[in-house]
Amino acid sequence: MIRDRRPGVEAVAVKGWLAANKWLLARRFTQLSILGLFLLGPWFGIWIVKGNLNASLTLDVLPLTDPYVLLQSLLAGQMPELAAISGALIIVAFYLLVGGRVYCSWVCPVNMVTDAAHWLRERLGITGAARLSSTTRYWILAATLLLALFTGTLVWEIVNPVSMSHRGLIFGMGLAWLVVLAVFLMDFLVSRRAWCGHLCPVGAFYSLLALRSPLRVRADQREQCDDCMDCFLVCPEPRVIRPALKGADKGIGPVITSANCTNCGRCIDVCAKDVFRFGSRFGNWTDTDEQTTQHSPGVEVLR
Amino acid sequence: MTATAHKPRSTPASSARRRFLVDAARTGGGVALLSLGVGLYARQAASLPALAVRPPGALDEPQFLGACIRCGLCVRDCPYDTLSLATLGDEVTTGTPYFTARDVPCEMCEDIPCVKACPTGALDHELTDIDDARMGLAVLIDEENCLNFQGLRCDVCYRVCPLIDKAITLEMQHNARSGKHAMFIPAVHSDACTGCGKCEKACVLEKAAIKVLPTRLAKGELGHHYRWGWQEKQKAGGSLVTPDQQHRYNLPEGERYDYEGKGLIFEESSDKVPFGSDPLDTLKRGMEGRR
């Protein structure tokens with residue numbers, strides 16, 4: 001096998017460039033649109049959305065609140081007003097439906113930074129890596145919640161690259177670009193997908209909302225798989241694919257059930273055989289035995 | 001179960017368990033160190049510099065840092081662009097709203113839009129009358145440079161005060177330098193001052209002589225056992241110790257002394273005045289006294 005073969009070349013040849021990049025394009029469009037909506041106000045005086053990803057007000061009626069930061073505030077002993085609570089409930093309901101880590105791949109501004117770092121890392125063929133456990137993020141998540149509980153302040157918000165970069169773009173960066181640069185360098189040089197795939201407690205929190213979410217990527221055509229490995233190379237959470245793609249023998253259904261799948265759809269893009277598609281988590285049985293052996297959902301969450 | 005327990009150490013199961021434990025300890029240790037660092041950093045970052053003023057209705061600083069979720073909605077709804085969010089590198093906790101009175105003071109909107117915008121109550125929604133806001137306390141901190149303390153009539157801080165004659169009053173004092181003028185000393189009253197900072201903004205000096213400080217810095221506090229004697233006396237309706245002896249003055253006829261504050265009074269009935277139209281009368285009277 002040629003190591004430096006870039007994923008997606010075959011898909012582009014078979015499906016055409018647009019079809020082989022459509023979910024990536026849709027994702028970038030969504031990320032930039034959301035950021036653009038936030039920036040319309042401060043840049044052009046068109047106030048459709050006010051605030052930032054921590055809490056916002058759309059068209060002066062729709063409150064949206066990041067449930068993770070609100071949970072920290074609650075643990076810090078503060079009872080928020082109704083606006084923040086209802087905003088958080090709306091967000092929770094939405095991500096329970098579409099999968100929590102959709103936030104990571106479709107909304108979070110850091111995603112573009114880490115994707116860029118990953119792209120550069122692959123282009124330069126950097127392979128050496130610090131060993132990081134992908135469970136680290138749950139430890140950090142727990143630590144941030146405990147810190148809020150014991151100090152009574154939102155400690156994580158002092159260093160959180162996610163809210164800091166988004167707030168920086170809208171309200172003024174200050175030195176926050178240093179934190180963004182640190183995340184970039186970490187993903188570029190220290191370890192593959194270090195931030196989003198191993199460390200970020202925001203993603204870890206949102207993954208908990210995805211344990212039962214109905215919108216999932218399915219490897220329905222997995223018997224077509226020719227082991228080109230492209231999907232594993234582009235997936236930001238490579239372990240989530242294996243059970244669905246290669247688990248037919250073990251009676252595992254074709255739905256990617258892991259809560260850490262970000263529903264980015266990049267595997268759908270780069271697969272020349274069209275193995276993957278977006279679908280629901282229902283009807284997750286193997287083609288061979290037609291049994292309704294539901295693969296227990298979300299068990300990979302801590303893997 | 002018993003079978004696995006008796007297996008030798010090198011089985012895949014036990015080595016996997018050991019690897020799991022080592023991994024967990026490694027990750028847990030790393031995260032604990034990280035938390036310690038961030039936690040200590042948070043303690044330092046929590047100290048608010050003296051000249052950064054929180055928006056109206058802000059909870060006490062420790063509670064505020066737990067309740068404010070750094071969304072900036074108060075900043076957006078401030079019609080005068082007074083508020084800004086602290087960025088990384090500022091001395092104020094990152095992402096929290098504040099203003100610097102010398103740059104842009106609070107205009108004390110009657111509908112308090114910043115408080116209404118706050119989704120969490122970090123700006124207390126109980127605050128409905130802006131006059132009840134206590135963002136800080138103005139302090140005339142530099143008497144050596146304040147123009148009014150030199151006997152000039154600057155009065156700007158007094159004139160711009162939204163609560164003129166309540167939050168800032170002018171107190172007359174004798175001007176010892178000229179010997180014949182009054183000084184109009186601006187006095188801030190903490191029972192009315194909201195800490196809006198308009199006085200600090202308007203101070204005509206190169207650097208303001210009057211500054212809004214956090215109330216905890218600006219105010220002293222009486223010893224909890226201490227009582228003001230005259231207040232206690234009033235409450236008791238009389239002297240609490242030996243009854244006061246009224247001081248007696250030996251005054252000329254037709255003059256008396258008012259103890260309630262008016263001072264020396266010449267009786268209306270008497271047409272006697274201390275100084276007659278003829279200066280010699282006064283001299284003569286003096287001579288009479290000698291005799």
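Below, read A as the first sequence line, B as the second, and so on, with proteins coming before strands; counting in each chain starts at 1.
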> Are any of the side-chain heavy atoms of A:Thr153 and B:Phe64 separated by less than 4.5 Å?
no
> Atom CE of A:Met186 and atom OG1 of A:Thr114: how far apart are they, to the nearest 0.5 Å?
10.0 Å
> What part of A:Thr136 gets closer than 4.5 Å to chain B, counting heavy atoms only: side chain, backbone, both or neither?
both
> Would you find more than 12 non-hydrogen atoms of other residues, nucleotides or ligands less than 6.0 Å from A:Lys246 atom NZ?
yes
> Compute the ring centroids of A:His166 and A:Phe38, then answer whether they are less than 6.0 Å apart.
yes
> Could you measure the distance from the NZ atom of B:Lys166 to the CG atom of B:Asp191? Nearest 0.5 Å is fine.
10.5 Å
> So which residues of residues 93-119 of chain B are in contact with chain A at a heavy-atom cut-off of under 4.5 Å?
B:Thr93, B:Thr94, B:Gly95, B:Cys118, B:Pro119
> Side chain, backbone, both or neither: which part of B:Cys68 has a heavy atom under 4.5 Å from chain A?
backbone
> Less than 4.0 angstrom from a charged side-chain N to a carboxylate O is my criterion; do B:Glu61 and B:Arg54 meet it?
yes
> So for A:Ala84, is it side chain, backbone, both, or neither that comes closer than 4.5 Å to the heavy atoms of chain B?
both
> Identify which part of A:Leu53 has an atom lying under 4.5 Å from any heavy atom of chain B, answering side chain, backbone, both or neither.
neither
> Would you list the pairs meeting side-chain hydrogen bond (donor to acceptor under 3.5 Å, both in side chains) in which at least one residue belongs to residues 57-76 of chain A, sequence neighbours left out?
A:Lys50-A:Asp60, A:Asp66-A:Tyr206, A:Tyr68-A:Thr144
> Out of B:Ile69, B:Leu88, B:Thr87, return the one with the most heavy atom pairs under 4.5 angstrom to chain A.
B:Leu88
> Heavy-atom cut-off 4.5 Å, strictly under: side chain, backbone, both or neither for A:Leu147 against chain B?
side chain
> Quick check for you: among B:Ser35, B:Gly30, B:Gly89, B:Ala32, which has the greatest number of heavy-atom pairs under 4.5 Å with chain A?
B:Ser35
> Atom CG in B:Leu65, atom CD in A:Gln78: separation rounded to 0.5 Å?
9.5 Å
> Highest number of heavy-atom pairs under 4.5 Å with chain B: which of A:Leu154, A:Val179, A:Asn54?
A:Leu154
> What distance separates B:Thr194 OG1 from B:Arg134 CZ, expressed to the nearest 0.5 Å?
7.0 Å
> Given a strict heavy-atom distance threshold of 4.5 Å, which part of B:Ala24 is in contact with chain A: side chain, backbone, both, or neither?
both
> Does any N or O in the side chain of A:Arg137 come within less than 3.5 Å of the main-chain N or O of A:Cys196, such that one atom is a donor and the other an acceptor?
yes
> Which bit of B:Leu34 comes within less than 4.5 Å of chain A, counting heavy atoms only: side chain, backbone, both or neither?
side chain
> Could you measure the distance from the CZ atom of A:Arg193 to the CG atom of A:Asp187? Nearest 0.5 Å is fine.
7.5 Å
> Determine the option with the most heavy-atom pairs under 4.5 angstrom with chain B, choosing from A:Phe171, A:Phe150, A:Trp156, A:Trp47.
A:Phe171
> Please check this pair: side chain of B:Asp90 against backbone of B:Val92, looking for a donor-acceptor N/O pair closer than 3.5 Å.
no
> With a 4.5 angstrom heavy-atom cut-off, which part of A:Val159 approaches chain B: side chain, backbone, both or neither?
side chain
